[in-house]
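All remarks here apply to the structure that follows.
These numbers come from the heavy atoms of this one structure, side chains and all, not from hydrogens, waters or symmetry mates. On a predicted model such as this, the values are computed, not experimentally measured, just so you know.
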Amino acid sequence: MDRSDAEGVGYGRAMKTKPRSNWAVRKAAEKHVAQMEGRYRGLLEAAPDAMVVVNQAGEIVLLNVQTEKQFGYSRDELLGQKISNIIPQGFAERLVTDATRSVAEALAQEIGTGIELSGRRKDGSEFPIEIMLSPLDTAEGILVTAAIRDISVRKAAEKHVAQMEGRYRGLLEAAPDAMVVVNQAGEIVLLNVQTEKQFGYSRDELLGQKITNIIPQGFAERLVTDATRSVAEALAQEIGTGIELSGRRKDGSEFPIEIMLSPLDTAEGILVTAAIRDISVHIRNEAKLLELARFDLLTGLPNRAVFADAVQKAIAWARRGGPSFAVLYLDLDYFKDVNDTLGHPIGDELLKGVANRLKENVRETDTVARFGGDEFAILGTEMKDPAGAGVLAAGLLESFSKPFSVGDNQIRSSASVGIAIYGVDATDAETLLSRADVALYRSKEEGRGIYRFFTAEMDTKMQTRVALGHDLRDAIGSPQIFLEYQPQVEAATGRIVGVEALARWRHPTRGMISPAEFIPVAELNGLIVRLGHWVLWEACRQAAKWREAGIASGFMAVNLSVHQFKTPLELEKDVAAALAASGLPPGMLELEITETLLMSASLAHSEVLARLRAMGVRLAIDDFGTGFSSLDYLRRYPVDRIKIAQNFVLELGTAASTAAGSAAVVKATIGLARELGIDVIAEGVETTEQLRLIKLWRCREVQGYLFARPLSVEDLVPLLQACKIAPHSVV
Ligand code: C2E
Ligand code: MG
Ligand code: MG
């Protein structure tokens, strides 16, 4: 059928039922509608809703195919029909106009708002609809377009939701997350108070709103469904999994969320419940964790992993023609003393101060990291030549000359530095780092407070050490390791007052290895504890044996390593056990400890030292003068004897430039010991001249080659039996 005909017929019929209208006006309206029809037909048919255009008399003058479907009438039946026939209650009343009001006027105030009503089908059944009205201002007066949406599905869902609401409200509100129930159209039909809080909307604003308004990206795409798929179907595959998205608040700000979807299978179709969790805190925590994993908590400096990354980057850069760089290892000298004497909180503050000072003294592009404890590493960038790294190291060490203010304390600290240069010492990160470490070890060995470049010779030495360490493991407890004893004599008479037990190692292939070489190795790999234990027991056993045989050996002096004090209680027990097992009177055992130990003596150490002394064991300070011990340590710790370090004694009477200084140290030490009532013995006496001076300064006891070298048991026994030794110059 021709459309204009239909229009005409429809209109004609409307004319019959509405005789009161003026014919001319109608004709004009009819003409207009015909024009409109041509213009708007496509538009009307594209609309998903039923669309009707109603004239001032309330008659349908234009409609789309959806209207036919929704109401069960044919186009012909509908055209010219009063709209109140298909939308009876409510709307009909609104449309009933008196003589003074046109339908348009009656509807004006409703325009733009959705009106919920009932539609009546041809078969008399009713269904819920929502009408949106808009005016069509034409030359022939105002017509009204009504978009009529069948909302039966939504209504059913809403009804269900209302029921649910009653049932689930408590549950929803108890949830810690924002919870919304979404209908098939993607509209929010139920929500809890958390949703209001999270998104900054009121309940009323949220209800009926598309969920895509509050969860815009990603999720929105998922929810956009085509005609063949419902929202629920679209979401079905997501159900049960957490989806990370952004939520958008009313103020437009976005925040990270995680959504868990679950279906609500209702009689009216599937609804979807979304639990929306604000994960910003979680993400912040994760970021924090990530940060923690990369940065040192105390100082905020990058850690070893970050440093290694930086080295890798510098290598990559250098390989592409960028400048060379240096890795510096820096370790504080005697940091343990600070910790032990001033406490860990002060130690921590000092580390922070050091971190800051290092940062202040490197370039912007350099990296300062803390590897733990008092170990720091610096990546010195843009090194044009190796000397630049030396300048950097010297600058860092120089910066330590200013004391660190920690609370009320002014702490002086020095550091040792080891340097490895990219391209010179290594071309891979791992070797570079380990070589810087080797160089650091060297600078510690050579006096601390200095820096050392890595050298190939160090490396060989290091490798030998590692190899030695392996061999030493098997040697301890085997005849390869044995003791020699060096007599200590009364300077005036040559009477033997004691012997010092000195460890010896006869290596199966390398021959005799000096303790100066293997003791540091043992300290490095922890074997010193086993070795020290063996020496202690063997020395006690030997001394007790001589005593039983009536051979007077005097004190038995045993050297202790600082490392043996790492477990001071074990050490104390070991000493007591060695004495008990051998039967040696405690007063005959003298333990030689170093100044370093005294300086770093923690409370635990000093208690053990005091208990050993209370046991009757003697304590001597070995190599006195080489460390940094002060009068204070001597006052604080109960020592019986000071052993003046041989490097001072050896210079006495020589032309060495430092001879005068050494003489002063020796003289002062002797005087100091006398003042404090402590015995003193001079080590390393090799010449009669040295002996003369020592005696002149009133040092009563000496130990040195002038009287005897360290001797095997067989060689020593005759001397012990003779009771005294005559000095014989070895030089
Ligand atoms: P030390 O405890 O100061 O031992 C004295 C060292 O000086 C011994 O070296 C001894 O042989 C040497 N000496 C003694 N008189 C003279 C002299 O007149 N001139 C010269 N030039 N040297 C003299 P040795 O036996 O090589 O031991 C070196 C160091 O190794 C010891 O120094 C000690 O610190 C350590 N040591 C040796 N045995 C042990 C041990 O059983 N345990 C521990 N922890 N350290 C040990
Ligand atoms: Mg010694
Ligand atoms: Mg010594």
Looking at residues at least two apart in the chain, or sitting in another chain, which of them share a salt bridge (Lys or Arg N to Asp or Glu O under 4.0 Å) with R618? E590, D679

Is a side-chain donor-acceptor pair under 3.5 Å present for E523 with S561? yes

Can you see whether S434 engages D437 through a side-chain donor-acceptor pair at a distance of less than 3.5 angstrom? no

I450 side, atom CD1; D333 side, atom CG - distance, nearest 0.5 Å: 9.0 Å

Keeping the roles fixed (side chain from S324, backbone from Y422), state whether a donor-acceptor pair exists under 3.5 Å. yes

Just say parallel, tilted or perpendicular for the rings of Y451 and F453, cut-offs at 30° and 60°. perpendicular

Out of curiosity, I644 CD1 to N647 CG, how far, rounded to the nearest 0.5 Å? 11.0 Å

No-hydrogen, no-angle side-chain donor-acceptor test under 3.5 Å, D622 and T594: no

Compute both the distance and the angle, then confirm whether R412 meets the cation-pi test with F404: under 6.0 Å from the six-membered ring centre, within 45 degrees of the axis. no

Could you tell me if S399 and E360 have a donor-acceptor pair between their side chains, going purely by distance under 3.5 Å? no

Apply the test ring pair (Phe, Tyr, Trp, His ring centres under 6.0 Å) to residues F371 and Y329: give CA-CA distance (whole Å), side-chain angles for both, the deciding distance (0.1 Å), then the verdict. CA-CA 10 Å; F371 282 9; Y329 267 32; 5.5 Å; yes

Looking at F307, is R304 sitting on its ring face, NZ or CZ under 6.0 Å from the six-membered ring centre and within 45 degrees of the normal? no

Any side-chain donor paired with an acceptor under 3.5 Å for Q488 and Q703? yes

Under the side-chain hydrogen bond (donor to acceptor under 3.5 Å, both in side chains) test, residues paired with H507 that sit two or more places apart: D471, T509

Does the T427 side chain pair with the main chain of G423, one donor and one acceptor, at a distance under 3.5 Å? no

